[in-house]
Amino acid sequence: MNVPPFAELGFYHILDVTAWDHLLFVAALIAPFAPRDYKLWLGALTAFTLGHTLAMATQVALSLPLNETWVEGGVLATLVFTAGRVVWFKGAPKSNRRGWLGPELAVAAAFGVIHGLAFAKDLGPLLPSNSGALWAAWGWFAGGIELGQLSVVVAVFAVRWIAAARGFSPKDFALALGALTLGISLHLASQWYLA
Amino acid sequence: MHLASHELTVGAKRTEWVVRLFTDDLEDAVSASLGGTKVRLERTEHQGQAENYVRSKLIVFRGRKALNLHIDGFTYQPDAVEIRMHVDGGLPLTVTDKLLHERFEDQRNVYFVRGPKGRLDAVSTATNPKIELR
């Protein structure tokens with residue numbers, strides 16, 4: 001099967017082992033959730049994808065004069081916040097609703113905007129000027145991002161299931177995953193700050 | 001993954017062609033093609049070398065007839081370069097695109113083609129560099 005290249009690009013943009021930010025973000029975001037909470041985590045991931053794609057499209061179209069250092073720092077801040085929130089609430093961030101809308105969704109969309117602004121400079125120069133082709137490229141890219149995120153979700157839920165089979169409670173698993181992602185995020189943030 | 005993009009607008013008498021490549025990727029490829037000479041694409045003489053490189057890696061046919069790829073302009077940006085070209089006539093075209101494939105195994109050259117019957121998008125890869133546009 002011939003995978004559209006922008007879908008492939010979106011997919012590997014998430015699963016890029018040389019740039020951990022998306023992997024960590026998705027892992028930390030879904031750490032407190034069980035598969036049955038799909039409305040919450042799927043809504044948050046989709047909000048992230050939409051925020052990411054719309055921010056990239058806007059930045060490519062308008063070339064806003066952004067400070068690259070601040071944008072990259074913002075990406076790291078989203079990681080630290082998302083992972084830190086899991087640790088702060090000891091693996092069980094408070095949530096008093098079961099619907100599609102909620103703080104996770106809004107935060108994920110806002111964080112998607114920051115991540116999208118950071119990546120716009122890497123993809124923008126290659127995009128076509130023809131509007132039909134441009135929309136198709138954005139559509140495939142967003143689809144690739146969503147699939148990449150779902151792959152991370154499947155992997156995290158698989159590890160969660162193995163951990164549960166070995167006696168870890170869901171809360172302990174979330175706390176361990178949150179602590180791990182927070183530790184790596186703080187390490188990345190310190191490297192960025194020193195650089 | 002390494003990417004480059006082509007945007008073709010097909011007319012009856014002429015096909016406008018814009019290729020966009022990341023500057024560092026193209027500098028790397030042109031430098032290797034020149035035996036390791038350092039290449040800076042903001043320099044006009046190196047832009048000529050880059051155009052020669054692009055011509056050598058893009059082979060265009062209509063049927064059995066090889067077409068001349070005319071270069072109309074070169075725009076340098078620190079991130080990416082844009083080379084504007086054209087070939088005479090419209091479809092069909094057969095393109096063998098080996099741009100950057102010798103440098104990067106994961107290179108994908110994406111074609112956004114606006115033809116008389118709508119869009120004809122395609123991808124050239126190292127293992128499948130040939131594009132048929134009909």
Side-chain angles (χ1 to χ4, degrees), chain A residues 1-19 22-23 53 56-57 59-69 71-72 116-145 147-148 151, chain B residues 1-11 15-27 41 73 75-84 97 99-101 104-133:
Chain A
M1 191 179 124
N2 196 6
V3 178
F6 276 82
E8 196 178 345
L9 184 70
F11 185 80
Y12 287 112
H13 177 55
I14 298 296
L15 297 178
D16 183 355
V17 291
T18 63
H22 281 106
L23 285 171
T53 307
M56 280 183 70
Q59 178 60 7
V60 167
L62 302 179
S63 295
L64 301 170
L66 299 174
N67 183 317
E68 205 172 299
T69 308
V71 173
E72 286 173 7
L117 291 175
F119 191 57
K121 68 180 186 329
D122 294 330
L123 186 62
L126 296 186
L127 289 169
S129 57
N130 171 267
S131 60
L134 187 60
W135 281 112
W138 284 128
W140 283 118
F141 183 74
I145 285 182
L147 273 178
S151 304
Chain B
M1 190 193 333
H2 288 82
L3 277 183
S5 72
H6 297 258
E7 187 173 4
L8 276 69
T9 308
V10 181
T15 297
E16 302 291 344
W17 192 320
V18 180
V19 57
R20 299 181 177 93
L21 307 112
F22 281 117
T23 303
D24 53 354
D25 290 352
L26 185 57
E27 285 178 342
L41 288 174
T75 304
Y76 168 84
Q77 296 282 341
D79 291 338
V81 298
E82 182 178 286
I83 302 173
R84 293 176 301 286
D97 176 354
L99 274 175
L100 303 176
H101 288 324
F104 310 112
E105 279 182 12
D106 59 352
Q107 179 71 34
R108 303 273 189 281
N109 298 333
V110 189
Y111 281 72
F112 299 102
V113 182
R114 189 167 42 170
K117 294 176 188 170
R119 285 190 21 233
L120 298 162
D121 297 344
V123 184
S124 149
T125 63
T127 52
N128 193 10
K130 201 169 181 179
I131 304 279
E132 299 277 0
L133 301 171

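Just so it is clear, the values below take in all heavy atoms, side chains as well, and ignore hydrogens, waters and symmetry mates. Convention: sequence-line order gives letters A, B, ...; per-chain numbering from 1.
With hydrogens and angles ignored, the 3.5 Å screen pairs a side-chain donor or acceptor of Ser5(B) with a backbone N or O of Leu126(A).
In this view, Tyr12(A) satisfies the ring-ring contact (aromatic ring centres under 6.0 Å, His included) rule with no residue, not counting sequence neighbours. Ser63(A) is linked by a side-chain hydrogen bond (donor to acceptor under 3.5 Å, both in side chains) to nothing, counting only residues two or more places apart in sequence or in another chain.
Atom NE2 of His2(B) sits about 11.5 Å away from atom CG of Leu9(A), to the nearest 0.5 Å.
Residue Ala4(B) touches chain A through its backbone alone, counting heavy-atom pairs closer than 4.5 Å. Neither the backbone nor the side chain of Leu134(A) comes within contact range of chain B, judged by heavy atoms closer than 4.5 Å.
More than 12 heavy-atom neighbours from other residues, nucleotides or ligands sit within 6.0 angstrom of CH2 on Trp138(A). Within 6.0 Å of CD in Glu132(B) there are more than 12 heavy atoms belonging to other residues, nucleotides or ligands.
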